[in-house]
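Here's the structure we're looking at; comments come further down.
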Amino acid sequence: MKKSFSLVEVLVAVSLIVTVIATVLQTQQNNLFFLEKFKHSSQNNSYINSIVSYSEQLRNEKIYLDGQIDFKDDEIRREFK
């Protein structure tokens, strides 16, 4: 008797592999989306914290945030300008 795979077995195996690959790719896409969303959320929180921290000073006199806050991220500094 010849040992080989039937066509049905091959089709089932291929469909399982395709399902697993599609699931992995979708998970990767979701992770990239949430990573980008977290980055923007973190950046916005930095903006809000900076503004709230110095809101009293901003009302009373002109100050420059670069002199008050040490920006560790150049992108935030550029967006404030």
Side-chain angles (χ1 to χ4, degrees):
M1 184 167 162
K2 185 177 178 184
K3 293 188 176 191
S4 63
F5 296 108
S6 69
L7 181 59
V8 173
E9 290 172 333
V10 171
L11 289 176
V12 168
V14 168
S15 66
L16 286 174
I17 290 171
V18 167
T19 303
V20 168
I21 290 173
T23 303
V24 167
L25 289 176
Q26 184 63 39
T27 303
Q28 179 187 13
Q29 185 67 29
N30 288 343
N31 287 341
L32 291 174
F33 170 76
F34 286 121
L35 182 65
E36 190 68 25
K37 186 175 178 181
F38 174 75
K39 179 183 173 188
H40 288 295
S41 175
S42 176
Q43 186 177 22
N44 290 338
N45 285 339
S46 294
Y47 292 158
I48 291 169
N49 287 336
S50 298
I51 298 296
V52 168
S53 295
Y54 296 101
S55 64
E56 288 298 318
Q57 292 177 1
L58 289 174
R59 289 184 196 155
N60 297 330
E61 62 184 59
K62 291 183 181 179
I63 62 167
Y64 296 100
L65 290 178
D66 280 341
Q68 300 294 325
I69 301 172
D70 182 30
F71 289 107
K72 293 180 176 53
D73 188 4
D74 284 341
E75 186 175 318
I76 293 172
R77 185 179 51 78
R78 274 187 246 123
E79 287 196 29
F80 268 127
K81 284 185 176 182

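Residues meeting the side-chain contact (heavy atoms from CB on, under 4.5 Å) test with V8, sequence neighbours left out: S6, V12. Residues satisfying the side-chain contact (heavy atoms from CB on, under 4.5 Å) criterion with T27, sequence neighbours excluded, are T23, N31. Residues that satisfy the side-chain contact (heavy atoms from CB on, under 4.5 Å) test with Q28, not counting sequence neighbours, are L25, L32. With sequence neighbours excluded, no residue forms a side-chain hydrogen bond (donor to acceptor under 3.5 Å, both in side chains) with E9.
V14 belongs to a hydrophobic cluster whose remaining members, ordered by chain and number, are F5, V10, V18; membership requires side-chain heavy atoms of ILVMFWY residues under 4.5 Å apart, directly or through intermediates. Side-chain contacts under 4.5 Å among hydrophobic residues (ILVMFWY), followed directly or transitively, place L11 together with L7.
Taking the side chain as every heavy atom from C-beta outward, N30 and Q26 approach each other to under 4.5 Å.
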